[in-house]
Amino acid sequence: MARTIEHPALQPLKSRFAETKLLVGEFRDAVTVVVPREKILEVCAFLRDDAALQYDMLAELNGVDYLGFPGAKNRFAVNYGLTSVSNNTRLWLKVFLDPTLDTNARPRRAR
């Protein structure tokens with residue numbers, strides 16, 4: 001039986017974005033919410049501006065290339081590591097992206 005993932009931002013996010021499909025995962029006590037790319041600005045603004053949440057610091061930002069990753073359905077992802085300084089909480093947001101141009105070509109080596 002899967003255990004319930006708990007985080008102070010999850011219920012407010014689910015309530016505010018009830019019509020949006022948000023996926024939630026947890027790895028090594030880090031909670032990640034997968035957000036549709038069309039909603040990332042609105043979700044980030046909500047997390048920043050909500051008086052109870054106050055995710056006011058982008059602590060980390062990274063990109064992932066899933067080329068060759070087993071079972072990957074998307075090519076790229078952007079991960080946002082947010083911190084609420086006043087609440088001492090962290091939350092990860094992930095947005096999957098698919099390129100419009102072919103990215104399967106390997107870069108050429110410089111000669």
Work out which heavy atom in Ser84 is nearest to a heavy atom in Asp56; give both atom names and the distance.
CA-OD1, 3.8 Å
Any ion pair linking Glu60 and Arg90 (charged N to carboxylate O, less than 4.0 Å)?
yes
Under the side-chain hydrogen bond (donor to acceptor under 3.5 Å, both in side chains) definition, can you give me all pairs with a residue in residues 25-38, not counting sequence neighbours?
Arg3-Glu26
Side-chain donor/acceptor of Asp65 to backbone N/O of Leu67, under 3.5 Å:
yes
Here the gap from Asp98 atom CG to Tyr66 atom OH, rounded to the nearest 0.5 Å, amounts to 12.0 Å
Show your reasoning for whether side-chain contact (heavy atoms from CB on, under 4.5 Å) applies to Leu91 and Leu47.
CA-CA 10 Å; Leu91 180 67; Leu47 290 168; 3.9 Å; yes
Begin from the C-alpha positions of Leu10 and Ile5 and carry the test side-chain contact (heavy atoms from CB on, under 4.5 Å) through to its verdict.
CA-CA 9 Å; Leu10 294 182; Ile5 297 173; 4.0 Å; yes
Could you grab the distance from atom CG of Asn62 to atom NZ of Lys94, nearest 0.5 Å is fine?
8.5 Å
According to a 4.5 Å side-chain heavy-atom criterion applied to Ile, Leu, Val, Met, Phe, Trp and Tyr, with indirect links allowed, do Val34 and Ile40 form part of one hydrophobic cluster?
no
Side chain to side chain contact (heavy atoms under 4.5 Å, CB included) partners of Ala30, counting only residues at least two apart
Trp92
Residue pairs involving residues 6-60 (criterion ring pair (Phe, Tyr, Trp, His ring centres under 6.0 Å); sequence neighbours excluded):
Phe17-Phe46
Within a strict 4.5 Å, meaning less than it, do heavy atoms of the Leu13 and Leu22 side chains meet?
yes
Which atom of Leu53 lies closest to which atom of Pro8, heavy atoms considered
CD2-O, 3.7 Å
Determine, stepwise, if the pair Cys44 / Leu93 fulfils side-chain contact (heavy atoms from CB on, under 4.5 Å).
CA-CA 9 Å; Cys44 287; Leu93 301 180; 3.7 Å; yes
